[in-house]
Each structure stands twice: as C-alpha cells, then as structure tokens.
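Here is the structure we will look at.
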Amino acid sequence: NVPASRVSRYAPYKGKDMVFGIRPEHLTQRREEGRPGFESIDLMVDVLEPMGMETMAHFFVDGHPVCARLDPATVAEPEKMLALTADMNQMHLMETGPNGKVV
C-alpha cells in the first residue's frame with residue numbers, strides 16, 4: 001500500500017507501468033507493526049550474506065532480486081520464509097520506458 005503521505009506524489013502515474021524501489025535498510029526483520037506506512041511481508045530467503053555488523057538477505061519477488069538488511073542475530077535460513085517489515089514511507093516508484101527499463 002502506498003502511504004497517504006505519498007499518494008499525491010504518485011497520483012499522476014496511476015495506471016502506468018512503474019518499478020517499485022526500496023533500499024535494503026528499509027526492508028528489515030518484522031517490527032513496527034501497526035505504525036502508518038509499515039507493511040508486513042513474508043519472503044523466502046534465497047541467500048544470506050553475513051557482513052559482521054549486519055546480514056544481507058537476498059530474495060526474489062516475481063523474479064526480481066530484492067535485498068534486506070538484517071541484524072546479524074536474526075534467525076534466518078535459506079529456503080525458509082522470513083517475516084519482514086517494509087517501511088513504505090521510504091518507497092520509490094520509477095517510471096519505465098517503452099523497453100521496460102527505468103527512465
């Protein structure tokens with residue numbers, strides 16, 4: 001869901017093909033439930049990449065790669081579902097050109 005604070009920004013693009021974007025730091029282990037603009041999503045972990053102070057979790061959504069930034073203490077395993085929260089207040093929609101690429 002597009003947060004109310006972003007509806008007017010994206011209204012001119014309604015009905016157009018758009019690409020959804022969110023940075024890994026805005027897709028994290030589930031928390032912030034009930035806060036406006038925070039949406040729960042469950043994704044199947046593809047790869048976990050321990051980086052010391054954080055773990056990057058990689059997923060596919062409709063064939064598109066997605067990455068989340070996790071606390072290294074998060075219990076997650078490849079090929080298992082992981083409960084995440086997306087901070088939709090930080091989302092971006094990008095217009096695509098005739099070839100389907102972001103313009």
Side-chain angles (χ1 to χ4, degrees):
N1 294 331
V2 176
S5 62
R6 296 200 171 224
V7 169
S8 63
R9 174 189 290 180
Y10 295 128
Y13 302 102
K14 189 174 182 176
K16 293 185 178 182
D17 286 334
M18 304 292 287
V19 173
F20 173 81
I22 192 162
R23 294 181 183 273
E25 58 266 27
H26 300 126
L27 185 60
T28 58
Q29 63 271 23
R30 184 152 303 152
R31 61 177 187 249
E32 308 294 344
E33 290 187 84
R35 275 184 62 192
F38 287 76
E39 297 287 334
S40 296
I41 183 171
D42 295 328
L43 295 174
M44 177 79 65
V45 176
D46 184 48
V47 174
L48 291 170
E49 185 179 5
M51 308 283 289
M53 296 292 290
E54 63 192 13
T55 295
M56 303 305 283
H58 301 270
F59 312 87
F60 285 94
V61 176
D62 293 331
H64 300 282
V66 175
C67 185
R69 182 178 287 174
L70 305 177
D71 182 294
T74 300
V75 177
E77 295 179 48
E79 299 184 21
K80 301 276 181 164
M81 296 299 285
L82 183 61
L84 301 167
T85 297
D87 181 355
M88 300 296 282
N89 298 301
Q90 304 298 323
M91 66 172 276
H92 303 279
L93 289 179
M94 297 158 278
E95 194 168 3
T96 58
N99 60 1
K101 303 274 185 191
V102 174
V103 293

- prompt: Quick check: does any side chain N or O of R6 sit under 3.5 Å from a backbone N or O of N89, one acting as donor and the other as acceptor?
  reply: yes
- prompt: Under the side chain to side chain donor-acceptor pair (under 3.5 Å) test, which residues partner D42, sequence neighbours left out?
  reply: R30
Output side-chain donor-acceptor pairs under 3.5 Å for residues 12-27, partner residues at least two apart or in another chain, one line each.
none

Taking only distance into account, with no hydrogens and no angle test, what donor-acceptor pairs under 3.5 Å do side-chain atoms of residues 71-82 form with protein atoms, sequence neighbours excluded?
| unit_1 | atom_1 | unit_2 | atom_2 | d |
| --- | --- | --- | --- | --- |
| D71 | OD1 | A73 | N | 2.7 |
| T74 | OG1 | D71 | O | 2.9 |

query: Quick one: CZ on R69 to CE on M53, what's the gap to the nearest 0.5 Å?
result: 11.0 Å
message: In this structure, would F38 and I41 fall into the same cluster of hydrophobic residues linked by side-chain contacts under 4.5 Å?
response: no
- request: Could you walk me through whether D46 and F59 pass the side chain to side chain contact (heavy atoms under 4.5 Å, CB included) test, one step at a time?
  value: CA-CA 5 Å; D46 184 48; F59 312 87; 5.6 Å; no
query: Would V2 end up clustered with M88 when hydrophobic side chains under 4.5 Å apart are linked, directly or stepwise?
result: yes
- prompt: So, for A57 and L70, which heavy atoms are closest and what is the spacing to 0.1 Å?
  reply: CB-CD1, 3.6 Å
- line: One should read off an interatomic distance between H92 NE2 and Y10 OH, to the nearest 0.5 angstrom, of 6.5 Å
query: P3 and G37: which non-hydrogen atoms are nearest, and at how many Å?
result: CG-CA, 4.2 Å
message: Would a single hydrophobic cluster contain both M44 and L84, if residues Ile, Leu, Val, Met, Phe, Trp and Tyr are joined by side-chain heavy-atom contacts under 4.5 Å?
response: no
task: Check whether M56 and V61 end up in the same hydrophobic cluster, where Ile, Leu, Val, Met, Phe, Trp and Tyr are linked by side-chain heavy atoms less than 4.5 Å apart.
output: no
